[in-house]
Amino acid sequence: MVKIILIVIAVLIIGFLILAKIARTKMKNTPLVDDHENVLTLTDKNFQLKTKNKLVLVDFWASWCGPCRIMAPILNDVSASLNGNSYVGKVDIEKFQGLAQKFKVQSIPTLILFKNGKEINRFVGIKSKDYLLKEMAKAE
């Protein structure tokens with residue numbers, strides 16, 4: 001009886017490891033997509049100016065990050081849905097590590113909502129278009 005239980009546990013563990021490996025491979029192979037024309041490319045030089053007097057959802061991301069690649073088309077859809085003084089911005093943490101440090105970004109994707117240049121909310125991980133649009137609407 002103990003042998004059967006150990007075999008079942010071993011099979012479950014092996015199955016879980018195989019599924020985890022498949023999931024990691026799929027995430028890493030998610031293609032990079034171009035940013036929507038309305039997405040702001042943020043740098044250490046333009047960050048303050050581009051977030052001033054606006055509502056900006058800023059994505060801290062890196063090209064090697066699978067979940068960041070999954071978020072890219074969602075953020076493009078969010079950007080296409082916005083009007084007025086609301087925007088989506090992106091910070092490549094590989095190029096602008098100082099901004100990631102300044103805003104204490106510890107994992108990616110991290111999305112920080114800025115209103116008039118000040119942080120008002122923060123989201124970590126993959127979020128849906130509807131969720132992000134609702135959070136931005138609350139902040140307006």
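Side chains are part of it too, since the values below use all heavy atoms of this structure and drop only hydrogens, waters and symmetry mates. This one's a predicted model, so the numbers in the text were calculated from it and none came from an experiment.
In terms of the side-chain hydrogen bond (donor to acceptor under 3.5 Å, both in side chains) criterion, Gln97 has no residue partners (sequence neighbours excluded). Contacts of Asp77 classified as side chain to side chain contact (heavy atoms under 4.5 Å, CB included), with partners at least two apart in sequence or in another chain: Lys129.
Ile108 approaches Cys65 most closely through the heavy-atom pair CD1-CB, 3.7 Å. Nearest heavy-atom pair, Ala62 versus Ile93, reported as atom, atom and distance to 0.1 Å: CB-CG1, 4.0 Å. Shortest non-hydrogen contact noted between Ile74 and Ser128 is CG2-C, 4.0 Å.
Hydrophobic cluster membership is shared by Leu99 and Trp64, with clusters built from Ile, Leu, Val, Met, Phe, Trp and Tyr side chains linked at under 4.5 angstrom. Leu133 and Ile70 fall within the same hydrophobic cluster, where Ile, Leu, Val, Met, Phe, Trp and Tyr residues are linked whenever their side-chain heavy atoms come under 4.5 Å apart, directly or through other members. If you chain together hydrophobic residues whose side chains sit under 4.5 Å apart, Val33 and Leu57 never meet in one group.
Pairs passing the side-chain hydrogen bond (donor to acceptor under 3.5 Å, both in side chains) check and including a residue from residues 44-62, sequence neighbours excluded, read Thr43-Asn46. For residues 101-120, every residue pair satisfying the side-chain hydrogen bond (donor to acceptor under 3.5 Å, both in side chains) rule, not counting sequence neighbours, is listed here: Glu119-Arg122. Pairs of residues two or more places apart, or lying in two chains, that qualify as ring-ring contact (aromatic ring centres under 6.0 Å, His included) and include a residue from residues 115-140 are Phe123-Tyr131. Counting only residues at least two apart or in different chains, salt bridge (Lys or Arg N to Asp or Glu O under 4.0 Å) contacts with residues 83-100 comprise Asp35-Lys90.
Atom OG of residue Ser86 and atom CG of residue Leu113 lie 8.5 Å apart, to the nearest 0.5 angstrom. Rounding to the nearest 0.5 Å places CG of Leu12 at 11.0 Å from CG of Leu17. Here the OH atom belonging to Tyr87 is positioned 12.0 Å from the CG atom belonging to Leu42, to the nearest 0.5 angstrom.
Ring orientation note: the planes of Phe47 and Phe60 are tilted relative to one another, at an angle of 30° to 60°.
Side-chain contact check for Met71 versus Leu111: some heavy-atom pair is nearer than 4.5 Å. Using a 4.5 Å cut-off on side-chain heavy atoms (C-beta onward), Val78 and Met136 make contact. Contact of the Val39 side chain with the Leu75 side chain is not registered, since no non-hydrogen atoms from C-beta on lie closer than 4.5 Å. Residues Val56 and Leu40 form a side-chain contact, since some pair of their non-hydrogen atoms from C-beta on lies under 4.5 Å apart.
In the displayed structure, Leu6 atom CG is contacted under 6.0 Å by more than 12 heavy atoms of other residues, nucleotides or ligands.
Although no hydrogens or angles enter the test, the distance criterion places no donor-acceptor pair under 3.5 Å between the side chain of Asn38 and the main chain of Ala80.
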